[in-house]
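First the proteins, then the strands, lettered A, B, ... as listed; each starts at 1.
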Protein chains: 2
Amino acid sequence: MTEYSEKQLQIMDTALKLFSEKGYDKTSIRDIAQAADVNVAMVSYYFGSKEKLLEALFRNHFSFITTTLENILYEKESSAFEKVERIIDVFINTLFSRQKFNQLMMRESSVVNEGPLFDMILEMKTKNRKLVERAVKSGQRLGVFRKDVSVVFLSSVMIGSVNQMLANCRYEARSAKLEGESKEAFKKERIEILRIHLKRMFIAYLTYDSNK
Amino acid sequence: MTEYSEKQLQIMDTALKLFSEKGYDKTSIRDIAQAADVNVAMVSYYFGSKEKLLEALFRNHFSFITTTLENILYEKESSAFEKVERIIDVFINTLFSRQKFNQLMMRESSVVNEGPLFDMILEMKTKNRKLVERAVKSGQRLGVFRKDVSVVFLSSVMIGSVNQMLANCRYEARSAKLEGESKEAFKKERIEILRIHLKRMFIAYLTYDSNK
DNA sequence: TTAATTCAAACAAACGTTTAATTAATAATT
DNA sequence: AATTATTAATTAAACGTTTGTTTGAATTAA
């Protein structure tokens with residue numbers, strides 16, 4: 001589907017970049033227009049307003065991310081352990097490949113109280129939890145996972161730790177003045193650590209009984 | 001120390017409330033002045049500028065939080081397990097009792113690249129990791145914790161999951177139209193779940209060996 | 001009397017948005 | 001195929017608000 005013209009996508013790309021770097025409020029339409037090499041009026045012309053441009057960005061990435069996550073539900077995995085590991089992989093890959101949007105969403109979600117953005121974010125949070133819930137219950141039915149685990153806890157840990165790790169990376173990279181390639185390599189390294197240890201930790205939590 | 005007068009504290013309290021609810025950029029000095037029942041000029045008069053008011057807020061909470069966290073280092077605990085649990089308790093208690101500031105810091109940390117705020121946040125992140133590192137190494141020396149655990153991972157999980165849980169709470173509360181007392185009760189309930197399961201999960205991760 | 005506080009008013013700058021004129025692209029007509 | 005009519009895209013300029021901040025007079029406290 002060619003929902004957006006090339007020019008519109010150019011504006012959206014630039015807006016996403018600036019929004020994620022400087023924040024929505026600190027990015028002016030003139031900033032976007034200059035960076036995207038278009039006239040200031042084009043944003044209103046194509047999207048109606050600055051806020052509707054933000055909504056367009058959300059709709060554009062949101063549906064992709066949710067369907068990606070949803071698809072795991074219908075995958076046939078051979079074991080509950082693999083299911084958990086697969087969820088972690090998809091989560092990390094999705095958040096990592098859409099870092100900019102994720103950073104933007106994380107930031108704006110804390111001050112949005114209603115409207116289309118609120119609804120989209122809420123739906124995403126709900127889907128995340130459903131996903132984790134399925135995997136956990138599957139393992140519990142098979143008798144390999146403990147019964148007394150918390151799904152809200154697990155989904156908070158999942159999404160929270162990934163975002164915190166990425167936020168820390170950005171901070172350390174800025175502090176160490178890493179740029180471009182070396183910065184991405186640094187991030188990638190950290191993300192792989194996260195991937196391995198998150199899997200190990202989840203499995204340990206889901207199976208380990210401290211009473212021997 | 002009476003570093004700030006009562007009027008100044010009144011402005012700072014109001015500013016923190018509004019900054020955390022609406023975000024720094026979306027809160028105008030006139031908003032603060034009106035809510036704090038003072039003249040608009042008073043913010044500049046007392047703090048110099050809006051940004052310096054934000055810095056004052058940071059300095060005010062930051063030193064308290066860091067010293068609180070730091071104090072665990074000098075506590076004598078009887079076991080490495082207790083040490084880990086104690087750190088989780090202090091983290092959760094501190095973040096929970098200073099929710100507004102924490103929300104503000106989380107939001108602004110993603111767009112600050114330099115200056116006093118950047119330095120404070122970086123110092124806090126470093127201290128968090130040092131704290132976790134000490135507890136982990138203590139347990140490793142005693143032979144009760146695995147050697148192949150990641151400290152950057154653990155501190156990301158710690159801070160990330162607490163913040164994610166609180167963010168989710170705010171979202172669900174808003175969606176269910178919870179207000180005041182019932183909202184706080186809901187939060188408290190979730191935080192206690194987090195406390196219990198985070199401890200269990202950390203202990204499991206630090207001790208459990210999947211190869212029997 | 002001196003200094004600190006409070007205030008309404010005004011300031012310039014930046015903001016999102018609109019306007020009205022112009023150019024480019026597309027469709028229709030000869 | 002060439003010309004005209006119509007729509008879409010683009011532009012510089014201007015609009016009305018809102019922003020953070022300052023001013024200078026008035027009020028209060030020391």
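The interatomic distance linking B:D37 (CG) with C:dA8 (C1') rounds to 15 Å, in whole Å. One atom, OH of B:Y45, and another, C1' of D:dT27, lie 12 Å apart when rounded to the nearest Å. Rounded to a whole Å, the CD atom of A:Q8 is 13 Å from the P atom of D:dA8.
Under 3.5 Å, the side chains of A:N113 and B:R170 contain no donor-acceptor pair of N or O atoms.
Proximity of A:N39 to the phosphate of D:dA9: no side-chain N or O atom is located under 4.0 Å from OP1 or OP2.
Both the sub-6.0 Å distance and the 45° axial angle are not jointly satisfied by A:R174 relative to the ring of B:F118. Relative to the six-membered ring of B:Y24, A:K26 misses at least one condition, a distance below 6.0 Å or an angle of at most 45° to the axis. Cation-pi contact between B:K7 and B:Y46: absent, since separation from the ring centre below 6.0 Å together with deviation from the ring axis within 45° is not met.
Residue contacts shown for B:F47 are absent, as no nucleic acid heavy atom lies under 4.0 Å away. Contact annotation for A:S28: backbone-only contact, meaning every heavy-atom pair under 4.0 Å involves sugar-phosphate atoms and none involves a base.
Among the nucleotides C:dT19, D:dT10, C:dT5, the one closest to the side chain of A:A41 is C:dT19. For B:M42, taking side-chain heavy atoms from C-beta onward, the closest of the listed nucleotides C:dG16, C:dT5, D:dA9 is C:dT5. Taking every side-chain heavy atom of B:V40 into account, C:dA9 is the closest of C:dA9, C:dT5, D:dA13. Closest contact between the side chain of A:I29 and the listed nucleotides C:dA8, D:dA9, C:dG16 involves C:dG16. Candidate nucleotides C:dT17, C:dC7, D:dT10 were compared by shortest atom distance to the side chain of A:R30, and C:dT17 ranks first.
If you find the closest nucleotide of DNA chain C to B:K7 and to A:G48, the one lying nearer the 5' end belongs to B:K7.
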